[in-house]
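Heads up: the structure comes next, in structure tokens.
A, B, ... follow the sequence lines: proteins, then strands. Residue 1 opens every chain.
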There are 2 protein chains.
Amino acid sequence: MGITKTDTYTDQTLAVASIFKALGHPARIAILEFLAKQTSCICGEIVAELPLSQASISRHLVELKAAGLIQGTISGTSVCYCINETHFPLINTFIQQLQTPTNQSCCS
Amino acid sequence: MGITKTDTYTDQTLAVASIFKALGHPARIAILEFLAKQTSCICGEIVAELPLSQASISRHLVELKAAGLIQGTISGTSVCYCINETHFPLINTFIQQLQTPTNQSCCS
DNA sequence: TAACTATATCGCAATATTACGATGAATAAT
DNA sequence: ATTATTCATCGTAATATTGCGATATAGTTA
């Protein structure tokens, strides 16, 4: 159906999944990698860097912003995008939770 | 188009994105959370825990396994699934790369 | 004001994802 | 052998995602 049963999961589970979902596309990973190595960060430069149209890049930026992974501040005619680290602890905590020693007890 | 231009991204970018993609669904997050808190890990128990049909759970398990996030070993008529931590360092490294101090220079 | 630049949004087409019932395959139990 | 149990796969339907051209919006510049 392409639809997801969001009603029955915890808010925490939904939040984590939505962040990972936003990270689940190579274009968005590439955008974040690009932003990470830049001191300046104008959308136009991303368009020049990636093999996508300006419209597609813009859509990916909207998704990253909606997920809280980037911030955008208007700077004249252009927009300065940069990484928002707010949700990183959530990701790290989730990964750590999966690393509890109880997992070692099976599938060895 | 729903299609992704995989040709033009680096293998590293594609690998990271595919792992995150597998994590980008609440059912799969819930499955991993469930596996993490169990000492035993039989598929049937997951079906009882989540609000999805056995067929849907099975498909999510296949995706998690394809992404290398879980392992499954046959145990009689049932299958023992548990978490595979192999790719966790990749995730951690990626997040760390996004936290370089250069990001602090704009969008303040 | 009028052109120019930069980014966002719309509309469409193509593909991907999700979910489920039904069915299949394989082992276990009677 | 038959039946039951467990998980995987198939087929289908519905929805989501992706990408792009075209267009809109907004600030800048002349």
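- Spacing between atom CG of Leu64(A) and atom C1' of dA8(C) amounts to 15 Å, rounded to whole angstrom units.
- The distance between atom CG of Leu52(A) and atom C1' of dG21(D), rounded to the nearest whole Å, is 14 Å.
- Here the options are Leu14(A), Thr10(A), Val16(A), the test is side-chain contact (heavy atoms from CB on, under 4.5 Å), and the partner is Pro26(B); only Leu14(A) passes.
- Here dG19(D) presents its P atom at 15 Å from CD1 of Ile46(A), a figure rounded to the nearest Å.
- The shortest side-chain heavy-atom distance between Tyr81(A) and Ile31(A) does not fall under the 4.5 Å cut-off.
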Using atom names, set out every protein N or O paired with an N or O of nucleotides 4-10 of chain D below 3.5 Å, distance rounded to 0.1 Å.
| residue | atom | partner | partner atom | Å |
| --- | --- | --- | --- | --- |
| dC7(D) | OP1 | Cys43(B) | N | 3.4 |
| dC7(D) | OP1 | Gly44(B) | N | 3.3 |
| dC7(D) | OP2 | Gly44(B) | N | 3.0 |
| dA8(D) | OP1 | Tyr81(B) | OH | 2.3 |
| dA8(D) | OP2 | Ser58(B) | OG | 2.8 |
| dA8(D) | N7 | Gln54(B) | NE2 | 2.9 |
| dA8(D) | N6 | Gln54(B) | OE1 | 3.0 |

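- The residue Lys65(B) sits apart from the nucleic acid: no heavy atom pair falls under 4.0 Å.
- Following rounding to the nearest Å, His60(A) (NE2) and dA8(C) (C1') show an atom-to-atom distance of 15 Å.
- Under 4.0 angstrom from either OP1 or OP2 of dT17(D) there lies at least one side-chain N or O belonging to Lys21(A).
- Atom NE2 of His25(B) is separated from atom P of dA16(D) by 11 Å (rounded to the nearest Å).
- Taking CD1 of Ile91(B) as the start and CG of Leu23(A) as the end, the distance is 9.5 Å to the nearest 0.5 Å.
- Within the 3.5 Å criterion, the main-chain N or O of Gln71(B) finds no donor-acceptor partner in the side chain of Asn84(B).
- Spacing between atom CD of Glu63(B) and atom P of dT17(C) amounts to 7 Å, rounded to whole angstrom units.
- The heavy-atom pair separating Ile42(A) from Ser78(A) by the smallest distance is CG2-CB, 3.5 Å.
- Ring geometry, His25(B) versus Tyr9(A): the interplanar angle exceeds 60°, so the pair is classed perpendicular (tilted spans 30 to 60°).
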